[in-house]
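As structure tokens, the structure follows; a few thoughts come after it.
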Amino acid sequence: MGYYQDQILPRLIDFALSREQFSQIRSRVANSLEGDVVEIGFGSGLNVPYYPNSIHKLQAVDPAILGRKLASKRVKNTPVNIEYIGLDGQKLSLESESVDHILITWTMCTIPDIETALKEMYRVLRKGGQLHFVEHGRSPDPKVARWQDLLNPLQKKIGGGCHLNRPIDNLISKAGFNIVQLDNFYMKAPKPIGYTFEGIATK
């Protein structure tokens, strides 16, 4: 990883994803978490203010070491016990069926092998456990999807491997999860980057 990806991109993401429209969604996605939780793509801790007190322990995974520094104030101000457990969502250092909930927000776009990462999430989740997610991805509108395909090579370069065109719901289902709640909408952003999947899937 180069200087841009190590030092600049985490700060840009922290700034861009801290806007009010993201905060409202984070609050919805996190509000029913409880017990032992893993967050994939912890980043700079933007979800931390929305963790409910029903979380017993949160284990954080993220490849951006700088994110821990950016998250330090948020982590300090929460009563939730947060433990960093690794850098790679594709290989989780957790026992099978050991967590109650998994939280992942605007992260599936950047994991290189998302299929392997989702299989790992499925492995560590207890039966009946839930995957809480919000992600941007492939639009069902053919015109928007064409733009996503065209812009994807550039987006991956400037966005740290971020894909615009991943079919998030299909990927989650293919990994074995049962999607029980799903809302799709465009955020206030250019349509190729704004099509959103927000929901809950169970094991």
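Both backbone and side-chain heavy atoms feed into the values below; hydrogens, waters and symmetry mates do not. Numbering of residues begins at 1 and proceeds along the displayed sequence.
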Check your understanding: Any donor-acceptor pair under 3.5 Å linking the side chain of Arg166 with the backbone of Met108?
Key -> yes
Check your understanding: Okay, side chain of Gln148, backbone of Ser139: is any donor-acceptor separation there less than 3.5 Å?
Key -> yes
Point to revise | Nearest atoms (heavy-atom pairs only) where Gly89 meets Ile40 | key: CA-CG2, 4.3 Å
Review point. Which heavy atom in Ser173 sits nearest to a heavy atom in Ile179, and how many Å separate them?
Key: OG-CD1, 3.6 Å
Practice item. Carefully, step by step, assess Trp106 and Ile25 under the rule side chain to side chain contact (heavy atoms under 4.5 Å, CB included). Key: CA-CA 11 Å; Trp106 293 287; Ile25 296 170; 3.9 Å; yes
Review point. Can you tell me how far CG of Asp36 sits from NE2 of His101, rounded to the nearest 0.5 angstrom?
Key: 9.5 Å
Review point. Nearest 0.5 Å, what's the OH-CG distance between Tyr51 and Asn31?
Key: 14.0 Å
Exercise for review: Flag the pair Lys156 / Leu164 as yes when at least one side-chain heavy-atom distance between them is below 4.5 Å, and no otherwise.
Suggested key: no
Check your understanding: Any idea which heavy atoms bring Gly43 and Ala71 closest together, and the distance?
Key -> O-CB, 4.2 Å
Check your understanding: Can you check whether Phe15's main-chain N or O pairs, donor with acceptor, with Ser18's side chain at less than 3.5 Å?
Key -> yes
Exercise for review: Look at the side-chain heavy atoms of Ile, Leu, Val, Met, Phe, Trp and Tyr, link any pair under 4.5 Å apart, and say whether Ile65 and Tyr4 land in one connected group.
Suggested key: no
**Study point:** Arg11/Asp6 salt bridge by N-O under 4.0 Å criterion
**Key:** no
Review point. Where the side chain of Ser93 meets the backbone of Ile85, is there a donor-acceptor pair that is under 3.5 Å apart?
Key: yes
Check your understanding: Are Arg28 and Glu198 close enough for a salt bridge, meaning some N to O gap below 4.0 Å?
Key -> yes
Review point. Are Tyr3 and Leu66 connected in a single hydrophobic cluster, I mean Ile/Leu/Val/Met/Phe/Trp/Tyr linked by side-chain heavy atoms less than 4.5 Å apart?
Key: no
**Study point:** Spacing of OG belonging to Ser44 relative to CD1 belonging to Ile13, to within rounding of 0.5 Å
**Key:** 8.5 Å
Review point. Please walk me through it: do Asp14 and Leu17 pass side chain to side chain contact (heavy atoms under 4.5 Å, CB included)?
Key: CA-CA 6 Å; Asp14 178 68; Leu17 298 189; over 6 Å; no
**Study point:** Heavy-atom side-chain contact between Ile168 and Thr196 under 4.5 Å
**Key:** no
**Study point:** Min side-chain heavy-atom separation Arg68-Phe42 under 4.5 Å
**Key:** no
Point to revise | Heavy-atom check, side chain of Leu70 versus side chain of Pro10, under 4.5 Å | key: yes
Review point. Shortest non-hydrogen contact from Pro192 to Trp147?
Key: CG-CB, 3.9 Å
Practice item. Could you check if a side-chain atom of Ile104 sits within less than 4.5 angstrom of a side-chain atom of Glu135, using non-hydrogen atoms only? Key: yes
Check your understanding: Is atom CG of Asn53 surrounded by more than 12 heavy atoms (other residues, nucleotides or ligands) closer than 6.0 Å?
Key -> no
Check your understanding: When hydrophobic residues are tied together by side-chain contacts of less than 4.5 Å, even through go-betweens, does Val144 share a cluster with Phe185?
Key -> no
**Study point:** Thr78 side-chain N/O to Val75 backbone N/O, donor-acceptor pair under 3.5 Å
**Key:** no
Practice item. Begin from the C-alpha positions of Met187 and Ile193 and carry the test side chain to side chain contact (heavy atoms under 4.5 Å, CB included) through to its verdict. Key: CA-CA 8 Å; Met187 296 191 68; Ile193 65 172; over 6 Å; no
Review point. Going by an N to O cut-off under 4.0 Å, is there a salt bridge joining Glu97 and Lys203?
Key: yes
Review point. Going through the distances and angles, do Glu34 and Ile55 end up as a side chain to side chain contact (heavy atoms under 4.5 Å, CB included)?
Key: CA-CA 4 Å; Glu34 60 182 3; Ile55 294 178; 5.8 Å; no
Check your understanding: Mind checking whether Pro112 and Gln90 have side chains closer than 4.5 Å, heavy atoms only?
Key -> yes
Review point. Of the options Asn47, Val48, Leu103, Val134, which is the one that meets Arg26 in a side chain to side chain contact (heavy atoms under 4.5 Å, CB included)?
Key: Asn47
Check your understanding: Just wondering, are more than 12 heavy atoms of other shown residues or ligands nearer than 6.0 Å to CD in Glu20?
Key -> yes
Revision key, fill the gap. All heavy atoms of Ile82 vs all of Ala60, minimum pair found to be CG2-CB, 4.4 Å
Review point. Any link between Leu125 and Val37 through a network of hydrophobic side chains (Ile, Leu, Val, Met, Phe, Trp, Tyr) touching at under 4.5 Å?
Key: no
Check your understanding: Are Val80 and Leu33 joined in one hydrophobic group, where the rule is that I, L, V, M, F, W and Y side chains link up if heavy atoms are under 4.5 Å apart?
Key -> yes
Study note, to complete from the structure: When rounded to the nearest 0.5 Å, the distance separating CG of Leu131 from CD1 of Ile172 is 5.5 Å
Check your understanding: Taking 4.0 angstrom as the limit, do Arg126 and Asp100 come out as a salt bridge?
Key -> yes
Study note, to complete from the structure: Between the OG1 atom in Thr105 and the CZ atom in Phe133, the distance rounded to the nearest 0.5 Å is 12.5 Å
Review point. With no hydrogens and no angle check, is any side-chain donor or acceptor of His163 less than 3.5 Å from a backbone partner on Gly161?
Key: yes
**Study point:** Ring center gap for Tyr122 and Phe177 short of 6.0 angstrom
**Key:** yes
Exercise for review: Drop me the distance from Ile158's CD1 to Leu12's CG, to the nearest 0.5 angstrom.
Suggested key: 10.0 Å
Review point. Would you say Thr116 and Leu118 make side-chain contact, with heavy atoms under 4.5 Å?
Key: no
Exercise for review: Please report the closest heavy-atom contact between Cys162 and Asn152, naming both atoms and the distance.
Suggested key: O-OD1, 4.2 Å
Exercise for review: Using a 4.5 Å cut-off on heavy atoms from C-beta on, say whether the side chain of Arg138 contacts that of Asp149.
Suggested key: yes
